[in-house]
Number of protein chains: 2
Amino acid sequence: MEKLITVLGEIKALFNRSLSELSIDCVVFGFHDDQLKVLLLRTKGSDSWMLPGGWILKTENLEDAAYRILKERTGLDSIFLQQFQTFGANNRYNGKEIMARLGLPPEQNFFPERAVSVGYYALVEYSLVEPKTDFFTEECRWWDIGEIPELLFDHNDIASRALRALRKQFDHEALGFNLLSEKFTLIELQRLYETILGLEKDKLDRRNFQKKILSYGFLERLEERKTGGAHKAPYLYRVDPEKYAIYQRENEL
Amino acid sequence: MEKLITVLGEIKALFNRSLSELSIDCVVFGFHDDQLKVLLLRTKGSDSWMLPGGWILKTENLEDAAYRILKERTGLDSIFLQQFQTFGANNRYNGKEIMARLGLPPEQNFFPERAVSVGYYALVEYSLVEPKTDFFTEECRWWDIGEIPELLFDHNDIASRALRALRKQFDHEALGFNLLSEKFTLIELQRLYETILGLEKDKLDRRNFQKKILSYGFLERLEERKTGGAHKAPYLYRVDPEKYAIYQRENEL
DNA sequence: TTATCATTGTGTCACAATCACACAATGGTG
DNA sequence: CACCATTGTGTGATTGTGACACAATGATAA
């Protein structure tokens, strides 16, 4: 009982330092074993999963809040982050429901009746992430994009909109290198594209894909080759940051 | 003085029925005389212009609020509306500043210190709009996109982001028919595209443009021709709603 | 040590999309 | 009724994309 009071106190304190009617939800994408993954959290003492999210401090820029939240969950500092949509259905959220989910007394609800959420998606390097739980949750782990369970609130909707926005962006801009390690082979990049665009393996023609990507001119072929696998060792590539910036500028607007 | 108290009371009443930390700002585009226009409002007793906007009622869906705000300003019911970005810089807005702008005593400020705003852009038929002022403003009129004055808050930023989002969408999807009257000539459509994309007149090749647009298959050529102008009378076209819906579905995702 | 074989690296051809361009028909204007 | 800016239409050139084949490589297994 005493513990419950402490918990309530801490949440209230956090809450008083934040904007109350507004939250941020993040869809964090990772890539592993040729599969697209999303980072999810399980709330304490329940089977309910949700997207990582949080509140915006009263003095904090919206985008800074998103970066902070991501850093708290993944340990990562520099992350590819994109705001994609704001969700404001009047029934998407319910203060009392949150209290109940957290095992707190609903009649003591101090959350607002209503909250709007700004959706961000992030692209991170799977192997660098150390999933961390927060105050409300006891498990944080990757889920395959095809096996996402039923989530709290409208988080299933947010996740699927994020994927759609991601695909749209992939369709007309070369990106996603944040999902791979610094050095990668072209076939790894191709698998990434096929996975994100929802295509089957080798749907993209290997030769045409490589020609196209290389024609952008921002990939640098290293002397090094990727060894270890069977068969001929492929070259490793990396993104040349300066040339990539030029490409992005030319591709803007 | 008595009037001031009444004003304050009315604003407070409206405000109490709304979410306080969140607002909506709309960039309403119209097309007239081969120029792209934006609807702006001038606040009472000042030279300060701003975008039409408003608050979200506590029980109201975000999108419904945007439609309501637009209807209040333009008189129009069915409008092409698109959420494009949410603006949350911590210094973008200041409650006391609003009070001062409205000629109200800043020390009685009841607006929050901070507010985040969801940006929508709208495409409307210029000739159908009857600009209406609201409680805070005494003038509402169209401005040429190239002559937008300095606006309150971060509204210049919002407006230019809206234009950028609009151009991006135009780049890979046929739309914008909402900006023309129901029946239009292909050259009018071409001027619209050139204006929105920021191209000079006749930059697009007339023949290729018409071929491309018609190849989408949702424009219907009418028997009617547009008379009145000098020279040969061009055919009028209109959008076939069913075929347009098919085109949009095929073009999705 | 060497044959095997899945995989890598590269070039060419066919087709589709886009671009550049010309000329006859039209219908107010003077 | 001659004029002329504008409309309606078609064709060849250029570019971009998609389909496809073959020699080189290097770990694996005989």
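First the proteins, then the strands, lettered A, B, ... as listed; each starts at 1.
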What integer distance in Å separates A:Tyr235:OH from C:dT8:P?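 Rounded to whole Å, this separation is 13 Å.
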
Can you tell me the distance, in whole Å, between the NE2 atom of B:His231 and the P atom of D:dT6?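 Nearest whole value for this atom pair: 5 Å.
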
Do A:Asp144 and A:Gln35 have side-chain atoms, one donor and one acceptor, less than 3.5 Å apart?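 A:Asp144 vs A:Gln35: donor-acceptor pair found between side chains.
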
Could you verify whether a donor N or O on one side chain and an acceptor N or O on the other, from A:Gln169 and A:Tyr121, lie under 3.5 Å apart?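 Result is yes, a qualifying pair exists.
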
Nucleic acid contacts of residues 199-222 of chain A, taken as heavy-atom distances under 4.0 Å to DNA chain C: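 Of all residues in residues 199-222 of chain A, the ones placing a heavy atom under 4.0 Å from DNA chain C are A:Arg206, A:Arg207, A:Lys211, A:Arg221.
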
Is B:Lys232 side chain donor-acceptor paired with the C:dT26 base, going by distance under 3.5 Å alone?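 Looking at the base of C:dT26, it does not pair with any donor or acceptor on the side chain of B:Lys232 (distance under 3.5 Å).
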
Point-to-point distance, once rounded to the nearest 0.5 Å, from CD of A:Glu138 to CZ of A:Arg42: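 Interatomic distance, A:Glu138 CD to A:Arg42 CZ, rounded to 0.5 Å: 4.0 Å.
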
Hey, what do you get for OG1 (B:Thr43) to CG (B:Leu152), rounding to the nearest 0.5 Å?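 So the gap between those two atoms works out to 5.5 Å.
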
Considering the options A:Leu70, A:Val124, A:Val28, which one meets the side-chain contact (heavy atoms from CB on, under 4.5 Å) requirement together with A:Leu76?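 By the side-chain contact (heavy atoms from CB on, under 4.5 Å) criterion, A:Leu76 pairs with just one of A:Leu70, A:Val124, A:Val28: A:Val124.
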
Could you walk me through whether B:Arg191 and B:Glu188 pass salt bridge (charged side-chain N to carboxylate O under 4.0 Å, His left out), step by step? CA-CA 5 Å; B:Arg191 294 283 173 261; B:Glu188 284 168 354; over 6 Å; no

A:Ile187, nearest nucleotide to its side chain (from C:dT8, C:dG9, D:dG8):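 Ranking C:dT8, C:dG9, D:dG8 by closest atom to the A:Ile187 side chain puts C:dT8 first.
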
